[in-house]
> 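Before anything else, here's the structure in question.
By convention here, the first residue in the shown sequence is residue 1.
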Amino acid sequence: EVAFLSMDLDAVDKQELAEQFLHYYNHLFPAIRSKEDRELFLYYKAYRANVRAKVNSLRARSADNEAAREPALAESDKYLRLMDRCLSELAGDS
């Protein structure tokens, strides 16, 4: 759930707030202590972004008109890009 909140903050361009939240959370409840912990956290952020992308793609698919479809597709694209960034960071590309 920490990864979900962090991912949502990243998705709305609040990366600094996401980092502050994670730092404070980790200070109170040490969860990310090693490289492997950080990798697992990034994996879950990517997974949660994928979930949001899927929900929005399903929303677009079931939309009755273009006016409803376009925003859902844009949201899906946003979350797919975020997932890609998380996976690139996980792979060490950033």
Side-chain angles (χ1 to χ4, degrees):
E1 299 312 312
V2 171
F4 217 149
L5 177 58
S6 182
M7 180 276 307
D8 275 338
L9 290 170
D10 284 347
V12 294
D13 293 327
K14 300 292 182 188
Q15 290 84 7
E16 287 183 29
L17 188 56
E19 290 172 16
Q20 287 178 333
F21 163 71
L22 184 59
H23 176 75
Y24 187 71
Y25 182 90
N26 206 38
H27 176 73
L28 293 175
F29 308 102
I32 301 176
R33 298 181 203 135
S34 67
K35 178 181 182 246
E36 290 80 12
D37 294 337
R38 177 75 178 155
E39 289 172 346
L40 186 60
F41 176 74
L42 286 169
Y43 168 81
Y44 277 110
K45 275 180 66 172
Y47 172 76
R48 296 303 192 177
N50 187 40
V51 168
R52 292 273 196 220
K54 181 178 180 179
V55 167
N56 280 289
S57 67
L58 292 172
R59 188 174 291 137
R61 181 178 175 190
S62 65
D64 293 335
N65 57 58
E66 199 66 23
R69 185 175 297 112
E70 287 302 317
L73 288 175
E75 284 291 295
S76 185
D77 183 63
K78 175 178 76 173
Y79 285 108
L80 288 172
R81 290 176 189 276
L82 178 57
M83 181 182 71
D84 186 55
R85 285 195 308 269
C86 291
L87 293 175
S88 291
E89 187 176 342
L90 183 59
D93 295 342
S94 58

> Which residues pass the salt bridge (Lys or Arg N to Asp or Glu O under 4.0 Å) test with Glu39, not counting sequence neighbours?
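Checked Glu39 against salt bridge (Lys or Arg N to Asp or Glu O under 4.0 Å); matches are Lys35.
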> Salt bridge (Lys or Arg N to Asp or Glu O under 4.0 Å) with Glu36: which residues, sequence neighbours excluded?
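Scan of Glu36 (salt bridge (Lys or Arg N to Asp or Glu O under 4.0 Å), adjacent residues dropped) gives none.
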> Do any side-chain atoms of residues 2-16 form donor-acceptor pairs under 3.5 angstrom with protein atoms, and if so which ones, sequence neighbours left out?
| unit_1 | atom_1 | unit_2 | atom_2 | d |
| --- | --- | --- | --- | --- |
| Asp8 | OD1 | Arg52 | NE | 3.1 |
| Asp8 | OD1 | Arg52 | NH2 | 3.3 |
| Asp8 | OD2 | Arg52 | NH2 | 2.7 |
| Asp10 | OD2 | Lys45 | NZ | 2.5 |
| Gln15 | NE2 | Asp10 | O | 3.3 |

> Taking only residues two or more places apart in sequence, or in another chain, which ones meet Arg61 in a salt bridge (Lys or Arg N to Asp or Glu O under 4.0 Å)?
none
> Holding to side chain to side chain donor-acceptor pair (under 3.5 Å), I want the full list of residues that pass it with Asp37, two or more places apart in sequence or in another chain.
Ser34
> Going by the rule side chain to side chain donor-acceptor pair (under 3.5 Å), which residues pair with Asn56 if we only count those two or more places apart in sequence or in a different chain?
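Residues passing side chain to side chain donor-acceptor pair (under 3.5 Å) with Asn56: Arg59.
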> Does Gln20 have any side-chain contact (heavy atoms from CB on, under 4.5 Å) partners at least two apart in sequence or in another chain, and if so, which?
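So Gln20 forms a side-chain contact (heavy atoms from CB on, under 4.5 Å) with Leu17.
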> Rounded to the nearest 0.5 Å, how far does OG of Ser76 lie from CE of Met83?
9.0 Å
> Which residues pass the side-chain contact (heavy atoms from CB on, under 4.5 Å) test with Asp64, not counting sequence neighbours?
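Result, side-chain contact (heavy atoms from CB on, under 4.5 Å) vs Asp64: none returned.
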> Can you name the side-chain contact (heavy atoms from CB on, under 4.5 Å) partners of Arg38, sequence neighbours left out?
Leu22, Ile32, Phe41, Leu42, Glu89
> Determine, using the 4.5 Å side-chain heavy-atom cutoff (strictly less than), whether Tyr47 and Tyr79 are members of one ILVMFWY cluster.
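Each belongs to a different hydrophobic cluster.
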> By ring-ring contact (aromatic ring centres under 6.0 Å, His included), which residues pair with Phe29, not counting sequence neighbours?
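Residues passing ring-ring contact (aromatic ring centres under 6.0 Å, His included) with Phe29: Tyr25.
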> Only counting residues at least two apart or in another chain, list the ones meeting side chain to side chain donor-acceptor pair (under 3.5 Å) with Ser62.
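Partners of Ser62 under the side chain to side chain donor-acceptor pair (under 3.5 Å) test: none.
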> With sequence neighbours left out, what residues match Asp84 under side chain to side chain donor-acceptor pair (under 3.5 Å)?
none
